[in-house]
Amino acid sequence: MPFNAPELNLRDIEEDILPEELPSPYDYFLEYFGDADFENMTYYTNLYAVQNQKKKQIFAAGTIRTNRFMNPPFLTDKQMRKLKRGSTFEITTNMSGCNIGLLKWFDNKAVSLGSNFVTSGETDKVTRWNKKNKNYEEVERPEVVQLYNKSMGGVDKMDQLISLYRTFIRSKKWTLRMICHVFDLAAANSWLQYKKDAERFQVPKKKQLDLLNFRINLAQDLINVGKTASPRRRGRPATNENVCTNPKSFKIKKFDSERPSNNIRMDTVDHLADFDDKKIATRSAKQEDILEDSDVKENTPSQSK
């Protein structure tokens, strides 16, 4: 019997409990690596990953290697080749709460697929060229193959996003290159999830981060989270400790420093200001001259013409 998976939106949240702002790139990045199935779902589809995705009510399907599924008793490729084109061989597990279907379909060659929600299902017809008879013929295609072909474009999109801002290193060691690729992959997928949440929370497109700014903010958070902020002092230290009698006589310089993200502000590390015995803030030499000139003008009596 075909099993039609219900349409679920697992990340759907009611409007009354929506957060005031979207999570930061750092939060999306940690959530991606915090998934218990990250190691298994990144490189291959295996029994453990598909089973856990089913428990989380996430429907998964993909091509498999039979040794990742304890070598199920499939027909061999030679036996499948003797059958007609479009033949399928299907196996289902008998596990409590999680049945997994394995299917082997013969098109030009044998293809093995695994799924936790559908296997043959509702088949359709596809047109294939017969080299022997030199004509087109209709071949049955299982539903799991239909869904896989429809959804596999996400892999191409991910590769495209990674290629835009790939992390290049001089080392030729494959281990280091693999680590950099995993970080790029996590950043790209985190940005895709951020875009989905931004659309669901109806954030204007002008306020949404593009992939480049998303990666920049992520890099700043990864560098600064957990570190104490060193005080930034501009100009030479003040030599005159006179108290400012007229604070309106000079303007305070505004610096173009961005406000740190919530991850840096709330990482339980003291990013506090340093206190000293000075009654006014440290000033540069130019500001000292402005203050002295203002004091002289106030003490000098005005001369009438």
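Nothing here was measured: the structure is a model prediction, and the numbers come from that model. One-based numbering along the sequence shown. Atom set for the values below is all heavy atoms of this structure, side chains included, hydrogens, waters and symmetry mates excluded.
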Q. Looking at Arg128 and Asp107, does any basic side-chain N land under 4.0 Å from a carboxylate oxygen?
A. yes
Q: Among Asn99, Leu103, Val145, find the residue that satisfies the side-chain contact (heavy atoms from CB on, under 4.5 Å) test when tested with Thr119.
A: Leu103
Q: Write down the atom of Val50, the atom of Ser115, and the distance for their closest heavy-atom approach.
A: CG1-C, 4.3 Å
(Q) With clusters defined by side-chain heavy atoms of hydrophobic residues (ILVMFWY) lying less than 4.5 Å apart, directly or transitively, does Val203 cluster with Leu212? (A) yes
Q | Nearest-0.5 Å distance that lies between atom CH2 in Trp191 and atom CZ in Phe214 | A | 9.5 Å
**Q.** Close side-chain approach of Thr88 to Glu140, heavy-atom, < 4.5 Å
**A.** no
**Q.** Heavy-atom pair with the smallest gap, counting every atom of Gln208 and Tyr194
**A.** CA-OH, 3.5 Å
Q. Do other residues, nucleotides or ligands put more than 12 heavy atoms under 6.0 Å from Lys125 NZ?
A. yes
Q) Is there side-chain contact between Asp77 and Lys104, with heavy atoms separated by less than 4.5 Å? A) yes
Q) Ser190 side chain to Ala186 main-chain N or O, any donor-acceptor pair under 3.5 Å? A) yes
Q) Got Leu102 and Ile64 here, is their nearest side-chain heavy-atom distance under 4.5 Å? A) yes
Q.
Please find the pair of heavy atoms, one from Ser120 and one from Glu90, that lie closest to each other, and give the distance.
A. OG-OE1, 2.7 Å
Q) Which value, rounded to the nearest 0.5 Å, describes the distance between Thr93 atom OG1 and Leu47 atom CG? A) 7.5 Å
Q. Taking side chain as C-beta onward, heavy atoms only, is Met80 less than 4.5 Å from Trp105?
A. no
Q) Quick check: does any side chain N or O of Asn224 sit under 3.5 Å from a backbone N or O of Gln220, one acting as donor and the other as acceptor? A) yes
Q: Verify side chain to side chain contact (heavy atoms under 4.5 Å, CB included) between Leu113 and Val111, making sure each step is shown before the conclusion.
A: CA-CA 7 Å; Leu113 298 100; Val111 180; 3.8 Å; yes
(Q) Counting C-beta onward and ignoring hydrogens, is there a side-chain heavy-atom pair between Gln79 and Phe89 closer than 4.5 Å? (A) no
Q: State, yes or no, whether a side-chain contact exists between Thr175 and Met178 at a heavy-atom distance under 4.5 Å.
A: no
Q | Nearest heavy atoms of Pro25 and Leu209, plus distance in Å | A | CG-CD1, 4.2 Å
Q: Run the numbers on Glu143 and Thr123 for side chain to side chain contact (heavy atoms under 4.5 Å, CB included), then give the verdict.
A: CA-CA 5 Å; Glu143 187 176 1; Thr123 61; over 6 Å; no
Q. Are Ile100 and Met70 connected, step by step, through hydrophobic side chains (Ile, Leu, Val, Met, Phe, Trp, Tyr) whose heavy atoms are closer than 4.5 Å?
A. yes
Q | Residue Trp129 excluded, over 12 heavy atoms near CH2 under 6.0 Å | A | yes
Q.
Run the side chain to side chain contact (heavy atoms under 4.5 Å, CB included) test on Arg141 and Asn149 for me, step by step, so that the C-alpha distance in whole Å, both residues' side-chain angles and the decisive distance to 0.1 Å come before the verdict.
A. CA-CA 11 Å; Arg141 182 176 60 171; Asn149 291 338; 3.8 Å; yes
Q) Going through the checks in order, is the side chain to side chain contact (heavy atoms under 4.5 Å, CB included) test met by Ser163 and Arg166? A) CA-CA 5 Å; Ser163 64; Arg166 187 183 299 275; 4.0 Å; yes
Q: To the nearest 0.5 angstrom, please state how far the CG atom of Asp184 sits from the CG atom of Asn189.
A: 11.0 Å
Q) What heavy-atom pair brings Ala60 and Asn116 nearest, and what distance separates the two atoms? A) N-OD1, 2.9 Å
Q | Spacing of CZ belonging to Phe69 relative to CD1 belonging to Ile91, to within rounding of 0.5 Å | A | 11.5 Å
Q) Looking only at side chains, do Gln146 and Asp124 share a donor and an acceptor under 3.5 Å apart? A) yes
Q. Distance from Asn71 atom CG to Arg65 atom CZ, nearest 0.5 Å?
A. 13.0 Å
Q: Say whether Arg85 and Asn108, considering side chains only, have a donor N or O and an acceptor N or O under 3.5 Å apart.
A: yes
(Q) Taking the side chain as everything from C-beta on, heavy atoms only, tell me whether Lys134 gets closer than 4.5 Å to Asn130. (A) no
Q: Taking the side chain as every heavy atom from C-beta outward, state whether Tyr148 and Val144 have any atom pair closer than 4.5 Å.
A: no
Q) If you look at every heavy atom in Leu185 and Met158, which pair is closest and at what distance? A) CD1-SD, 3.1 Å
(Q) Measuring from atom CG of Leu218 to atom CG of Asn213, what distance do you get when rounded to the nearest 0.5 angstrom? (A) 12.0 Å
